[in-house]
Amino acid sequence: MTRAQIPSIDRLLQSAEARDLIARYGREMVVDALRDAAAALRTLARSDAPVPSTGTGHDHAILVIAQAAAERLRELTVPSLRPVFNLTGTVLHTNLGRAPLPAAALSAIAAVATAASNLEYSLDQGQRGDRDDHVAAWLTRLTGAEAATVVNNNAAAVMLVLHTFARRRAVIVSRGELVEIGGSFRIPEVMAAAGAQLREVGTTNRVHFRDYESAIDARTGLIMKIHTSNYRIEGFTATVGERELAALAKRVGVPFVNDLGSGTLVNFARHGLPHEPTVQDAITAGADLVTFSGDKLLGGPQAGIIAGRAELIKKLKKNPMTRALRVDKLTLAALGATLALYADSERAMQAIPALRLLTRPAAEIEACARALVAPMAAALGDLAEIDVTPCMSQIGSGALPVETLPSFGLRIRPATSRSSSRAVETLAAHFRTLPKPVIGRIHQGALILDLRCLEDVEDFIAQLNALQAPRKRSG
Ligand SMILES: *Cc1c(COP(=O)(O)O)cnc(C)c1O
């Protein structure tokens, strides 16, 4: 093919191929894509490099350009945010969207998403209402708190509490609780951003009641306890109980705030999971305010929940920052539907995917792994060797950092003579190019797919044959 044979844009746009593309993607996108593809072909023709065609003539050039444009348009219009298979073994994976929503939450979102709703409208009184009303009744019922409000996420909840009660004042926190959660959320920095002064007490491993007591002065705005959700201090340690801190705060007239982070509503120990403090326990132990996430152990949408004493919640809601931190109707719909599932805690364990996956029996996961060996081997051919391996899942999102859950997975080892780490990286990358990308973890030269979170087995198997495709395409 020569440069002279590359048709003009006008000529390209008249072709049947271009008309099909325009019907799908719209004229502007197609013009751009055809122009780019034609320019690329022109460059190739000039450089004497082999042009990807042995044919000649206009018609052939049109086909080549239209195909390149179609591929480019397909790439451009694949949604950037899309579902993946989370086979990392970390159930609540922050980078992979944390909790999958229950079906009931999805229906609730759909119901209010495309129509008007009573988001801030009281149907009883025919006048302006409060968006928190859609979830407050469930939250107070389930946590035992007097009142509750919801903001964008738990970081926002902590920020709002500090800004409301401790701006230009001091916050007493144990030195052992100055957590960093995922890079940008570091307690000392959050305090500074909220205009509060951090007053650390105790040492890294030990803090005593007298440390808190002697730190109190006229500037004290609140006493705070932070759940050390992603690490644990063990050995020679001492902490002060929540009841004692609550009593001390009450004596000096400041709020006692407990940032629980994950904040579960069910007693984990009763379901064979490691113990995690519940929101109810924190309220019972005397916290004036408790903050926790909606999309960690609760298993709902991203949200930050603040539950506690009614007069404090009222003050929070008067802070102009709440307007900037508030949640939208989709979040409230999903949260309300998720909370309603907790009315029956047995049902919650099954209907809320996060809880169902965390309590999934290892034997069931193993059976799933065994059933997948053959289809996986068939799909991979001679690319890799596959077997079933026991592994350990993590809860994730900083919840229960030390404990792991026994699980099973597929171990996939690249079939190369030198077992290079490059080969297993390539294999992992290969799985990420699937229509619904598969994300595993690399361990000792193998790609491990922990099957705890794989429930949609048919979908998973159906796309495996595409694993061979990249080899064909590049050939
Ligand atoms: C996760 C966590 C946060 C932040 O919550 P997000 O919902 O991620 O904003 C704050 N405090 C603690 C203790 C946490 O575990």
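Values below: all heavy atoms of this structure, side chains included; hydrogens, waters and symmetry mates excluded. Whatever order the structure lists them in is the order used to number ligands and atoms, beginning at 1. Computed from a predicted model, the values in this text were never measured in an experiment.
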Please confirm whether R206 makes a cation-pi placement over F236, using NZ or CZ under 6.0 Å from the six-membered ring centre and within 45° of the ring normal. yes
Have a look at K225 and tell me which of E242, E244, E177 forms a salt bridge (charged side-chain N to carboxylate O under 4.0 Å, His left out) with it. E177
With a cutoff of 4.0 Å, is V179 in contact with ligand 1, counting heavy atoms of the residue only? no
Using a strict cut-off of less than 4.0 Å between a Lys/Arg side-chain nitrogen and an Asp/Glu carboxylate oxygen, indicate whether E311 and K314 qualify as a salt bridge. no
Of all the atoms in ligand 1, which lie at a distance below 4.0 Å from a heavy atom belonging to R98? 6 (P), 7 (O), 8 (O)
With heavy atoms and a 4.0 Å threshold, my read on which part of K296 contacts ligand 1 is side chain
K250 charged N/C atom sitting above F256 aromatic ring, 6.0 Å / 45°: no
Quick check: does S262 get an N/O under 3.5 Å from an N/O on ligand 1? no
Does a side chain donor of either D281 or T284 reach within less than 3.5 Å of an acceptor in the other side chain? no
Atom CZ of R347: over 12 foreign heavy atoms under 6.0 Å: yes
Please identify which atoms of ligand 1 are closer than 4.0 Å to at least one heavy atom of F185. 10 (C), 11 (N)
Does A155, backbone or side chain, put an N or O under 3.5 Å from an N or O of ligand 1? yes
Give yes or no for whether the N/O distance cutoff of 3.5 Å, strictly under, is met between S293 and ligand 1. yes
Ligand-side contact atoms (ligand 1) for residue partner H227, heavy atom cut-off under 4.0 Å: 13 (C)
